[in-house]
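Notes follow once the structure below has been shown.
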Amino acid sequence: MNLKEVDDTQLVKQALANKEQFWLIVERWEKPLARYLKRFLTCTNEDVEDLLQEVFIKVFKNLNGYNEKFSFSSWIYKIAHNEAISFWRKTKTRPKVIDVDMELDLDIVENLASELNLEKEFAQKETSGMVREALERGLKANYKEVLVLRYFEDKSYEEMADILQKPMGTIAALVNRAKGKLKAVIQKKDII
Amino acid sequence: MSELNEKLKELISAEQIKQKPKWRFLLKNWLFWAFFGVAVLFGALSLAVVLEHYRADDLLMLKGLNKSFTDYFFLTVPYFWLVSFAGFILLSWYNLRHVEGGYRINPWLAALLNLLVSLLLGVALFSFGVGELVSETIDREPAFRCFNQRVLVWENPEEGMLAGKVVKVAKQGLVVISFAGREWLVDTSEVELGFEIKVGLEVRIIGEQTGQGSFEAHDIRPWFGPGQSGSGVLRRVR
């Protein structure tokens with residue numbers, strides 16, 4: 001079977017009918033969720049692996065709870081997001097480690113930086129570095145989560161609403177506030 | 001198979017991790033819908049009792065006490081039932097937010113819809129007499145009377161308000177046991193009664209305390225309902 005030709009709903013049905021097919025879901029979603037967790041959390045690769053394990057255990061346990069009316073991507077991201085938030089709460093006092101792999105998101109960071117309209121204040125290269133650092137160290141979870149989902153995971157407001165279990169209007173307002181907060185953090189850092 | 005897949009396979013097998021059955025998710029969703037429905041219904045019932053409270057006409061009757069509008073308005077507002085109504089609106093909103101897809105609804109719109117549904121249903125229940133039934137049922141239970149603000153308001157002979165059950169009927173007066181359990185000799189010579197007062201009837205009386213355990217009535221009406229036409233209209237014989 002060519003995994004690429006099978007949609008998520010079909011994969012779920014197969015996995016429910018035969019537990020051995022669950023590994024196909026893991027195979028499809030392991031890398032995207034690992035990337036999402038690394039982008040959202042400032043943690044080591046080992047932490048991400050442990051989290052991924054927890055995420056997929058929860059996916060396995062709750063697979064009968066998936067409703068085809070909603071996108072499977074949003075459903076699985078919701079589970080990953082909830083695990084990430086639990087991890088964030090447990091480890092917020094730990095010193096943060098920025099993962100070098102984040103360099104691969106340079107174009108996304110530059111895109112976000114350009115939206116903040118800081119060109120007059122800082123050179124573009126500087127801004128990108130400051131955006132990354134502000135994202136890693138300067139924002140609360142509720143602001144970082146919307147920016148990561150919107151700009152790094154390229155989720156629509158509808159998908160974000162399903163992942164974060166909030167109305168779309170609230171999501172839109174949160175994204176705007178998060179960008180404002182990010183800009184304020186960057187500008188403040190420069191003053192200091 | 002990836003390393004993660006191998007680990008998961010071992011873990012699921014070793015710890016015998018089971019999948020939750022579909023019925024659990026369906027039940028959870030149905031329960032939230034059921035609690036939503038119950039909260040809307042109880043909110044509507046609370047509103048029906050509030051409307052019944054005003055239908056009982058205490059506001060008009062208390063005008064006879066010559067208090068300011070503000071005084072008798074705040075005396076008669078059914079606080080317990082209004083708080084109950086607001087509480088059930090909030091509960092129904094909470095349950096709606098937790099049904100599948102409920103989070104997508106704008107919270108203000110959800111609250112407004114809940115309020116509208118409870119208002120419409122409350123008015124409908126009131127029209128069918130359900131408010132009166134609930135109010136009477138609660139009033140008849142001594143244990144629940146403390147929730148009935150009307151009872152507390154009317155147990156106020158010093159201010160000219162009295163309510164209770166008629167235990168004896170005579171030509172010029174009644175013996176009434178108030179809801180607080182006190183016995184009163186009520187002089188009805190100044191009132192032309194438009195309805196028949198029988199032993200066992202619960203009544204509310206506007207008038208004046210004339211002594212320890214004695215009361216002169218200026219207006220009498222049945223406790224339940226606004227009273228029949230011509231009931232308790234003051235006709236001073238002076």
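Under a cut-off of 6.0 angstrom, the local environment of CZ in B/Phe42 is sparse, with at most 12 non-hydrogen atoms contributed by other residues, nucleotides or ligands. Summarising the local packing, OH of A/Tyr157 is surrounded by more than 12 heavy atoms from other residues, nucleotides or ligands at distances under 6.0 Å.
Checked by atom type, the side-chain pair A/Glu30/B/Ser2 shows a donor-acceptor distance below 3.5 Å. Residues B/Lys20 and A/Asn64 bring no donor and acceptor atom of their side chains to less than 3.5 Å of each other.
Atom CG of B/Leu4 and atom NZ of A/Lys31 lie 11.5 Å apart (nearest 0.5 Å). For the atom pair NZ (A/Lys166) and CG (B/Asn106), the distance works out to 14.5 Å, reported to the nearest 0.5 Å. Rounded to the nearest 0.5 Å, atoms NZ (B/Lys9) and CZ (A/Phe60) are 11.5 Å apart. The CG atom of A/Asn67 sits 11.5 Å away from the CZ atom of B/Phe25 when rounded to the nearest 0.5 Å. With rounding to the nearest 0.5 Å, the separation of CD in A/Gln53 from CG in B/Asn5 is 11.0 Å. Taking CD of B/Gln19 as the start and NZ of A/Lys19 as the end, the distance is 5.5 Å to the nearest 0.5 Å.
Between A/Lys69 and B/Glu100 there is no salt bridge, since no side-chain nitrogen of the basic residue lies less than 4.0 Å from a carboxylate oxygen of the acidic one.
Interface remark: A/Phe70 contributes side-chain atoms only to the contact with chain B (heavy atom separation under 4.5 Å). At a 4.5 Å heavy-atom cutoff, B/Arg24 makes no contact with chain A through either its backbone or its side chain. With a 4.5 Å cut-off on non-hydrogen atoms, B/Leu26 does not touch chain A at all. Only the side chain of B/Lys7 comes within less than 4.5 Å of a heavy atom in chain A; its backbone stays farther off.
Across all their heavy atoms, A/Pro167 and B/Ile105 have their closest contact at CG-O, 3.7 Å.
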